[in-house]
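One structure below.
Hydrogens, waters and symmetry mates are skipped; everything else that's a heavy atom, side chains included, is used.
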Amino acid sequence: MSDTTILVVEDERKIARLLQIELESEGYAVSLAPDGVEGWAAYKAGDIALVLLDVMLPGISGIDLLQRIRAVDAETPIIMLTAKGSVADKVTGLDLGANDYVTKPFDMEELLARIRVLLRKSPTSNGAPAAGEPDPDEWLCAADLRLNEATRQVERAGQEIVLTQREFDLLAMLLRHKRLVLGREQLLNQVWGFEYTGNTNVVDVYIRYVRKKVDEGFSPELIHTVRGVGYVLRDAT
């Protein structure tokens, strides 16, 4: 069990409780604060490794609390949580020292991945993977394609490939199940989340995006369509 403590400053009880359950299941200790005043007190009182900070808070706003923390601490990672999605809101938080920005409703797996990345980069981290965290020395491979889930690196034939968050997660899913045919619903649930209510065609669209980056200009082609079923990633053999 990790002794890494994450401070969650969130006034919506359901969201705060959900975050607590998910974070504790990943092995983190969690400190909850329902407003900016208690958030500031909890930050000063504890050895906090990372802060999940809602923007719209009673007492002291999330932006004000961000400024207070950054005035005394430039290192602790801070992820802003907000229902606002405008570029201006994100720029304000990032300019004031936030490390990342997640818009509600957020995908829990994506948030957990962002937390893992920030904790690895944090100067207070000892460099060892947390419980359930990918090992930075391990790569998923197929032919000359390599993907590292810990560092979020992708290479083919020694050439770096830049993927979006969703493209990366989709490719990682295919590589983890190399040579197994995965249906659209399965990919949708695992990559987009069970609460996703959009059309399954989004899987086809993102498969095209990933193919263009991973297969186009390389040989052999690795991502294959199985008509009426789904997709599979396999070597030439």
Side-chain angles (χ1 to χ4, degrees), residues 22 25-27 79 85 87 90 99-121 129-237:
E22 293 289 344
S25 72
E26 291 292 312
I79 299 177
V87 173
K90 294 181 179 181
N99 298 86
D100 206 347
Y101 219 104
V102 177
T103 303
K104 301 175 187 177
F106 47 81
D107 179 88
M108 187 59 68
E109 288 302 317
E110 180 178 344
L111 176 59
L112 291 172
R114 294 187 184 203
I115 289 171
R116 289 193 293 267
V117 169
L118 287 174
L119 287 177
R120 280 196 298 273
K121 292 180 179 178
E133 184 176 322
D135 187 335
D137 293 328
E138 291 186 2
W139 293 77
L140 298 174
C141 301
D144 55 357
L145 173 68
R146 305 199 314 153
L147 178 146
N148 190 308
E149 292 187 276
T151 62
R152 310 289 289 186
Q153 291 173 275
V154 179
E155 299 174 356
R156 179 130 197 218
Q159 179 179 324
E160 182 182 6
I161 296 174
V162 179
L163 301 176
T164 67
Q165 175 88 26
R166 196 72 73 185
E167 290 167 354
F168 181 94
D169 292 342
L170 179 57
L171 180 60
M173 180 70 177
L174 291 168
L175 275 166
R176 284 197 301 269
H177 299 82
K178 185 170 61 174
R179 293 187 289 274
L180 296 178
V181 179
L182 302 177
R184 289 175 178 80
E185 289 287 349
Q186 185 177 1
L187 289 168
L188 197 66
N189 290 337
Q190 294 299 316
V191 177
W192 278 263
F194 288 97
E195 295 182 356
Y196 179 80
T197 58
N199 196 301
T200 57
N201 287 345
V202 70
V203 175
D204 303 318
V205 172
Y206 272 82
I207 285 287
R208 287 200 299 271
Y209 293 160
V210 174
R211 272 179 169 158
K212 185 175 180 64
K213 295 180 178 181
V214 169
D215 275 344
E216 197 169 287
F218 296 99
S219 181
E221 292 186 355
L222 300 176
I223 301 173
H224 304 271
T225 302
V226 180
R227 291 190 179 278
V229 183
Y231 298 96
V232 59
L233 187 148
R234 57 174 177 253
D235 304 293
T237 56

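Between L187 atom CG and I207 atom CD1 the span is 6.0 Å, to the nearest 0.5 Å. The structure places CG of L140 at 12.0 Å from CE of M173, a figure rounded to the nearest 0.5 Å. If you take OG1 on T151 and CH2 on W139, they are separated by 5.0 Å, rounding to the nearest 0.5 Å. Rounded to the nearest 0.5 angstrom, L222 CG and L174 CG are separated by 10.5 Å. Note: E109 CD to R114 CZ = 13.0 Å, rounded to the nearest 0.5 Å.
With hydrogens and angles ignored, the 3.5 Å screen pairs no side-chain donor or acceptor of N99 with any backbone N or O of I79. At distances below 3.5 Å, not a single donor-acceptor pair connects side-chain atoms of R184 with backbone N or O atoms of V202. A donor-acceptor pair is defined here as one N or O able to donate and one able to accept, closer than 3.5 Å; no such pair exists between the side chain of D169 and the backbone of V191.
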Before giving the answer on side chain to side chain contact (heavy atoms under 4.5 Å, CB included), spell out for H177 and V232 the whole-Å C-alpha distance, their side-chain angles and the decisive distance to 0.1 Å.
CA-CA 8 Å; H177 299 82; V232 59; over 6 Å; no

Test side chain to side chain contact (heavy atoms under 4.5 Å, CB included) on Y231 and D204 and set out the steps.
CA-CA 9 Å; Y231 298 96; D204 303 318; 2.5 Å; yes

Side chain to side chain contact (heavy atoms under 4.5 Å, CB included) evaluation trace for F168 with L147:
CA-CA 9 Å; F168 181 94; L147 178 146; 3.7 Å; yes

Verdict with reasoning, I115 to D100, per side chain to side chain contact (heavy atoms under 4.5 Å, CB included)
CA-CA 9 Å; I115 289 171; D100 206 347; over 6 Å; no

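At least one side-chain heavy atom of R179 sits under 4.5 Å from a side-chain heavy atom of D235. V162 places none of its side-chain heavy atoms less than 4.5 Å from the side chain of V154. Between E138 and E149, every side-chain heavy-atom pair lies at or beyond the 4.5 Å cut-off. Using a 4.5 Å cut-off on side-chain heavy atoms (C-beta onward), I161 and L163 make contact.
The pair E221-R211 fails the salt-bridge criterion, with no side-chain N (NZ, NE, NH1 or NH2) lying under 4.0 Å from an Asp/Glu carboxylate O.
For Y209, the OH atom sits in a loose shell: 12 or fewer heavy atoms of surrounding residues, nucleotides or ligands are nearer than 6.0 Å.
Sorted by first and then second residue, the pairs that involve residues 139-148 and meet salt bridge (Lys or Arg N to Asp or Glu O under 4.0 Å), not counting sequence neighbours, are D144-R156, R146-E155. Among residue pairs with one or both ends in residues 158-167, those qualifying as salt bridge (Lys or Arg N to Asp or Glu O under 4.0 Å) are E167-K213; sequence neighbours excluded.
Of all heavy-atom pairs spanning C141 and K178, the tightest one is O-NZ, 2.8 Å. Between A142 and L175, the shortest heavy-atom distance links the atoms CB-CD2, 3.8 Å.
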